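Heads up, the thing below is written out as C-alpha cells.
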Amino acid sequence: MLHRIKAARPRVFLSFAGNNRDQARLLAKEFKTRGFDAFVDDDSIPLGRDVVIAINNALSQYDYFVLLWSRHAVDRRWVELEWAAALAREISERRSFVFVVLLDDTDPPLVLSPRRYLTARDGWAKVAKELVGAWQRDQRLDMPVLPAPYPQASEGLPMIVIHVRNRALKVAHVLPVLAGTTGAELLGMVRSALALPQEEKAFDGIVGMRFTYELRNGDDPRSPLQITDGALIDLEVCTEWFDGDGPVASRTYRTRPNAGVTPKMAEAALTSTFRHLLPQ
C-alpha cells in the first residue's frame with residue numbers, strides 16, 4: 001500500500017497526557033510553520049462535537065501519528081487506546097505511521113521499544129524538522145515505505161536513519177543504525193532487520209534457492225557505500241537456483257532461471273520467500 005497524502009496540508013495526530021498539552025501545542029506550532037496541520041484534541045475538536053468520534057476519525061484519516069511519552073502518559077487509558085489503535089493501523093497498512101517523542105526518562109511501552117526515538121530535550125524545532133524531513137523523504141521515494149524496527153543502541157550513542165530500497169520488490173524500509181556503521185556491519189543489520197534468508201526450498205524440496213545480498217548507493221558497484229543520515233541504499237538480491245541435479249542458474253532477483261525451474265515456479269517461490277517484506 002503506497003500512502004499518498006491527499007490533503008493540501010499533511011496532517012499529524014498528536015497523542016499525549018493532559019499534563020503535556022502545552023508541550024503538544026508547541027510541537028503543533030512547529031509543524032504548522034512547516035506546512036503540516038496537527039491534531040491537539042481540545043484545540044482541534046469544535047464545541048459540541050462528539051469527542052470519541054472526532055478522535056476516531058482523526059486516527060483513521062491523518063497521515064502520521066506522534067506519541068509524546070512521559071511519566072504522565074503511563075497508565076492513561078486514552079493515551080493507551082490511541083497508540084494501540086495507531087499501531088494497529090501501522091501494522092495493517094505496513095508503513096511507517098507511529099513515531100515517538102520522549103519528554104522525560106520514562107521507558108515507553110515495551111511493544112514500541114524497538115524503534116528510534118526523538119527527545120524533547122533537543123528542542124521542538126529540531127524534533128519537527130527531523131520528523132518532517134523523514135516524512136518528505138518517504139514521499140519522494142514514490143513507493144511504500146515500511147518500518148524495519150531494530151533494537152535501539154545504548155543511550156547517548158549517535159543514531160542515523162537510512163532507507164533500504166529494493167527496486168524489484170518496489171518497496172523501501174526505514175532502518176535506524178549507529179553513526180559510523182561500516183558497509184559489512186550494515187549488511188548484517190539489514191539481513192537481521194529484514195529477516196533475509198540464506199536458503200529457501202519449495203515444492204516439497206524439488207527446487208530451492210540460495211541467496212546473496214549486496215548494498216549500493218547507485219547502479220555503479222564500484223562506488224563506495226555512503227552511509228549517512230537519510231541515505232537511500234539499494235538492496236540487490238541475487239539467487240542461485242538448485243534442484244536434485246545441482247545448481248540451475250544464478251540471476252538477479254526476479255529474472256528467469258534456466259531449465260529446471262519454470263518462470264511460474266520461480267515467481268511463486270520468490271513471492272512466498274519475500275512476502276514478509278511486501279505491503280499487504
Side-chain angles (χ1 to χ4, degrees), residues 1-5 64 90-91 93-100 114-118 126 129-154 157-200 209-240 250-255 270-271 273-280:
M1 178 182 293
L2 177 57
H3 175 76
R4 295 188 181 279
I5 296 174
Y64 305 103
E90 177 177 273
I91 293 171
E93 296 185 2
R94 297 198 58 151
R95 70 177 183 91
S96 296
F97 177 64
V98 177
F99 299 81
V100 181
R115 56 181 70 218
R116 183 199 189 199
Y117 309 123
L118 297 175
K126 183 176 180 181
K129 180 181 178 181
E130 287 201 29
L131 287 171
V132 169
W135 298 334
Q136 290 175 340
R137 287 194 297 270
D138 289 356
Q139 289 292 315
R140 285 196 298 268
L141 284 178
D142 198 32
M143 62 175 61
V145 177
L146 280 56
Y150 198 75
Q152 190 171 1
S154 300
L157 293 178
M159 299 288 289
I160 61 174
V161 172
I162 62 172
H163 286 83
V164 179
R165 172 182 66 180
N166 184 276
R167 298 184 185 186
L169 292 173
K170 297 181 180 178
V171 67
H173 294 79
V174 180
L175 182 63
V177 299
L178 277 172
T181 296
T182 66
E185 290 170 340
L186 180 60
L187 182 57
M189 292 177 184
V190 170
R191 292 190 61 172
S192 175
L194 302 187
L196 300 177
Q198 280 188 305
E199 184 176 289
E200 190 78 19
M209 298 162 284
R210 298 186 184 95
F211 301 99
T212 57
Y213 304 93
E214 295 182 8
L215 300 177
R216 298 177 182 172
N217 285 118
D219 295 325
D220 186 356
R222 297 167 298 180
S223 299
L225 191 63
Q226 301 295 323
I227 307 173
T228 56
D229 194 33
L232 175 59
I233 294 177
D234 284 304
L235 169 66
E236 181 175 304
V237 183
C238 298
T239 62
E240 179 187 62
S250 181
R251 291 286 189 273
T252 301
Y253 182 74
R254 284 197 184 279
T255 55
L270 286 166
T271 299
T273 301
F274 293 99
R275 188 183 303 278
H276 65 290
L277 300 181
L278 299 172
Q280 297 296 313

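Just so you know, these numbers come straight off a predicted model, no measurement behind them.
Tyr213 and Leu187 make their closest contact through O-CD2, 3.8 Å (heavy atoms, listed as atom of the first residue, atom of the second, distance). In terms of heavy-atom proximity, Asn217 sits nearest to Asp234 at O-OD2, 4.2 Å. Scanning all heavy atoms of the two residues, the minimum distance from Thr181 to Leu178 falls at OG1-O, 2.5 Å. Pairing each heavy atom of Thr273 with each of Pro197, the nearest pair is CG2-CG, 3.6 Å. Scanning all heavy atoms of the two residues, the minimum distance from Leu186 to Ile227 falls at CD2-CD1, 3.7 Å.
Arg165 places none of its side-chain heavy atoms less than 4.5 Å from the side chain of Val171. Contact of the Val237 side chain with the Phe274 side chain is registered, since non-hydrogen atoms from C-beta on lie closer than 4.5 Å. Counting only heavy atoms from C-beta outward, the side chains of Ile233 and Val190 never approach each other to under 4.5 Å. Looking at heavy atoms from C-beta onward, Leu131 lies in side-chain contact with Phe99 at the 4.5 angstrom threshold.
The aromatic rings of Trp135 and Tyr64 lie parallel to each other, with less than 30° between the two planes, well short of the 60° mark.
Here the CG atom belonging to Leu175 is positioned 8.0 Å from the CE atom belonging to Met189, to the nearest 0.5 angstrom. Note that the CD atom of Gln198 and the OG1 atom of Thr212 stand 10.5 Å from one another [nearest 0.5 Å]. Note that CE of Met209 is 12.0 Å distant from CD of Glu240, once rounded to the nearest 0.5 Å.
Within the 3.5 Å criterion, the main-chain N or O of Val98 finds a donor-acceptor partner in the side chain of Glu90. No side-chain donor-acceptor contact under 3.5 Å links Asp229 to the backbone of Ile160.
Partners of Arg216 according to the salt bridge (Lys or Arg N to Asp or Glu O under 4.0 Å) rule, which considers only residues two or more places apart in sequence or in another chain, are Glu214, Glu236.
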